[in-house]
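Worksheet: one structure, shown below.
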Protein chains: 2
Amino acid sequence: MTLDPIARVRRFNRAVTSEVGALDTSFLGRGRPLGSARVLNAIGHGQSDVAAIREYLGLDSGLMSRLLRGLEDDGLIETIPHPDDARRRVARLTKAGRSEFRAYEALSNAQAKDFLTRHARPEELLRAMDLVASALGRGRIVLEEADPRRDDARYCLGEYYAELSRRFANGFDVSLSRDPEAVDMIRPRGAFLVAMSDGLPIGCVGLKGGGGEIAEIKRLWVAPSARGLGLARRLMNAAEDIARELSIKALRLDTNSALPEAQQLYRNSGWNEIERFNDDPYPDTFFEKQL
Amino acid sequence: MTLDPIARVRRFNRAVTSEVGALDTSFLGRGRPLGSARVLNAIGHGQSDVAAIREYLGLDSGLMSRLLRGLEDDGLIETIPHPDDARRRVARLTKAGRSEFRAYEALSNAQAKDFLTRHARPEELLRAMDLVASALGRGRIVLEEADPRRDDARYCLGEYYAELSRRFANGFDVSLSRDPEAVDMIRPRGAFLVAMSDGLPIGCVGLKGGGGEIAEIKRLWVAPSARGLGLARRLMNAAEDIARELSIKALRLDTNSALPEAQQLYRNSGWNEIERFNDDPYPDTFFEKQL
DNA sequence: CATAATATCTGACTTTAGTCAGATAAATTA
DNA sequence: TAATTTATCTGACTAAAGTCAGATATTATG
């Protein structure tokens, strides 16, 4: 006898709906209705355009207006016309608003920390939560163009290198490989994309150009928790789109047979195997794609 | 650089709060407000005592009364006085109510199935969800005394045997071990406990008596997803309590050194190692505890 | 048996969330 | 420049959820 998978999903839903109130609706407990707290929170997290907040929270314009007015009356936010378009308004926290926002943040963080420390195997719990969050949030994954030296990007690269050293029989040492110059992965020469899921980086890809008509795909990585969602293909497509924008005519990449799922992806999306085109010690397989 | 664990928990919370609406609040979409739908759902899942539903859903008595009246007016439920206490009321579904409840169930099940089939690795996703659900629902785990031949119990025993065959160097075959008679694990001779978390079995323990003053602890098992929550100890304590109720003076158990965490638990909770007391081929370590 | 406690119900409220039809002002387009 | 579109605001509403003070009937207790 095995347990019904559907019953397991529904048990998860029940567990989550009865506890997440305590986890995330910590909005409550500071004497403010959920609606106002959500708006304050959105502004605190950097959303300033009123229309963007409205879109993000799915609110009616009338309701939004009243919620903003309420927060303004409480002295937590102030709104000013948008500098480029006086129809739009921009909201930002006042001093009092920032301290109130920090109080919400502290509460949320304390609850999150408490939840982790109550568990005997927090690392395993986190991995499971990452997997579930990626599956639930798959529709909200956004690709951001980023400087490869940014924290998010460096995190992805670090995980990528760690994975290569786990999977290559003789390990992997970045310093022996040709680490692309950051400037080659920034426009106008190239680009670097980070996939963000609810604020956390879960994948990346680099487009390394040299100013000519040929560029290279580098550092394609997807977090273990986000595999199986079609993210690698999405990253590759986005990189190709940018390459076309940069008038690049052909792409190349090098890879290793210890990464069969990557090769599978390349072969399934229009890439052809070619001769070795560099003397990097790690790759053993080389691909090209005409744009 | 590693990701902040707290940021990861909070990302999970965001992912869950924005999606679980779609997963569990399928209450909506059938033209009934959430409150009524929750009550209908509770009754459909077997809660009949009005006070119990009120407690479970955390509702005010006035609100509860009105919700019940509303469902009654729609012909979905009927309420009768409790046979033992005419102050209390008992609610149950009418024919129309049952069909409405089934419609909600079908919706929920379809959504759960859809979520699973959209994922490339459903088994891994389910394991992650189990782990998270057990951690979130740890406060709602209840121990139920059950007939060991019941489905839930048989599921736990099957998982227990499977785990033994994975962990013992030479595997495990129930038929070679002395499988306790079910009657020895049912009152008045003994008992069998199943730990239930939001409706799913996640652990068990058997108290095998022979009518005398000595009984044995058998089949202590906790699902991998529920380890680290202190459940094994809780099961053991409950089994000891029942043993005392049955006037048992001492408990014994046999175990194997391939299960070190179990031995650790016994040693930490008042058990002492003793000489072999049976000729079962699998155990190599034996414990006793005076009650 | 009188009194207290308990479970539910009723009526009169409040708060929160949300809808919808204009009003207003600014920006865009023809 | 006139007409249209866009972003926000205001007023007037509704629905849902929840609170609270009794009313009522029943059961438990001294």
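Reminder, nothing fancy here: chain letters follow the sequence lines and each chain counts from 1.
- Judged by distance alone, with hydrogens and angles left aside, B/Arg66 brings a side-chain donor or acceptor within reach of the base of C/dG11, the pair sitting under 3.5 Å.
- In this structure, B/Ile80 atom CD1 and D/dT26 atom P are separated by 15 Å, rounded to whole Å.
- With no hydrogens or angles considered, no side-chain donor-acceptor pair links A/Tyr56 and A/Arg38 at under 3.5 Å.
- Counting heavy atoms from C-beta outward, B/Leu235 and B/Cys204 have side chains that stay 4.5 Å or more apart.
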Exercise. Classify every nucleotide of nucleotides 21-27 of chain C by which part a protein heavy atom approaches to under 4.0 Å, writing B for the base, S for the sugar-phosphate alone and - for neither, in 5'-to-3' order.
Key: -----BS

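- Atoms CG (B/Leu59) and C1' (C/dT8) sit 14 Å apart, rounded to a whole Å.
- If you check the side chains of A/Thr79 and A/Arg89, you find a donor sitting under 3.5 Å from an acceptor.
- Ion pairing between a basic and an acidic side chain is recognised when a charged N comes within 4.0 Å of a carboxylate O; A/Asp114 and A/Arg118 show such pairing.
- Separating the CG atom of B/Leu68 from the P atom of C/dT8 is a distance of 9 Å, rounded to the nearest angstrom.
- Distance CZ (B/Arg69) to C1' (C/dT8): 9 Å, rounded to an integer number of Å.
- Counting to the nearest Å, the P atom of C/dT6 and the CZ atom of B/Arg54 are 13 Å from each other.
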Exercise. Quick one: do B/Leu57 and B/Met64 satisfy side-chain contact (heavy atoms from CB on, under 4.5 Å)? Show the steps, please.
Key: CA-CA 9 Å; B/Leu57 298 176; B/Met64 179 75 205; 5.6 Å; no

For nucleotides 14-17 of chain C, which of its nitrogen or oxygen atoms have a protein nitrogen or oxygen under 3.5 Å away, and what is each distance?
from   : atom 1 : to      : atom 2 : distance (Å)
C/dA17 : OP1    : A/Leu34 : N      : 3.3
C/dA17 : OP1    : A/Gly35 : N      : 2.8

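- Put simply, the side chain of B/Arg150 reaches to within 4.5 Å of the side chain of B/Glu144, judged on heavy atoms.
- Annotation for A/Arg69: atom CZ counts as buried by contact number, over 12 foreign heavy atoms lying within 6.0 Å.
- One atom, CD of A/Glu55, and another, P of D/dT8, lie 12 Å apart when rounded to the nearest Å.
- If you check the side chains of A/Ser134 and B/Arg11, you find a donor sitting under 3.5 Å from an acceptor.
- Under a 4.0 Å N-O distance rule, the pair A/Arg102/A/Glu105 does not qualify as a salt bridge.
- In this structure, the CE atom of B/Met64 is 14 Å from the P atom of C/dT10, given to the nearest Å.
- Rounded to a whole Å, the CZ atom of B/Arg89 is 10 Å from the P atom of D/dT26.
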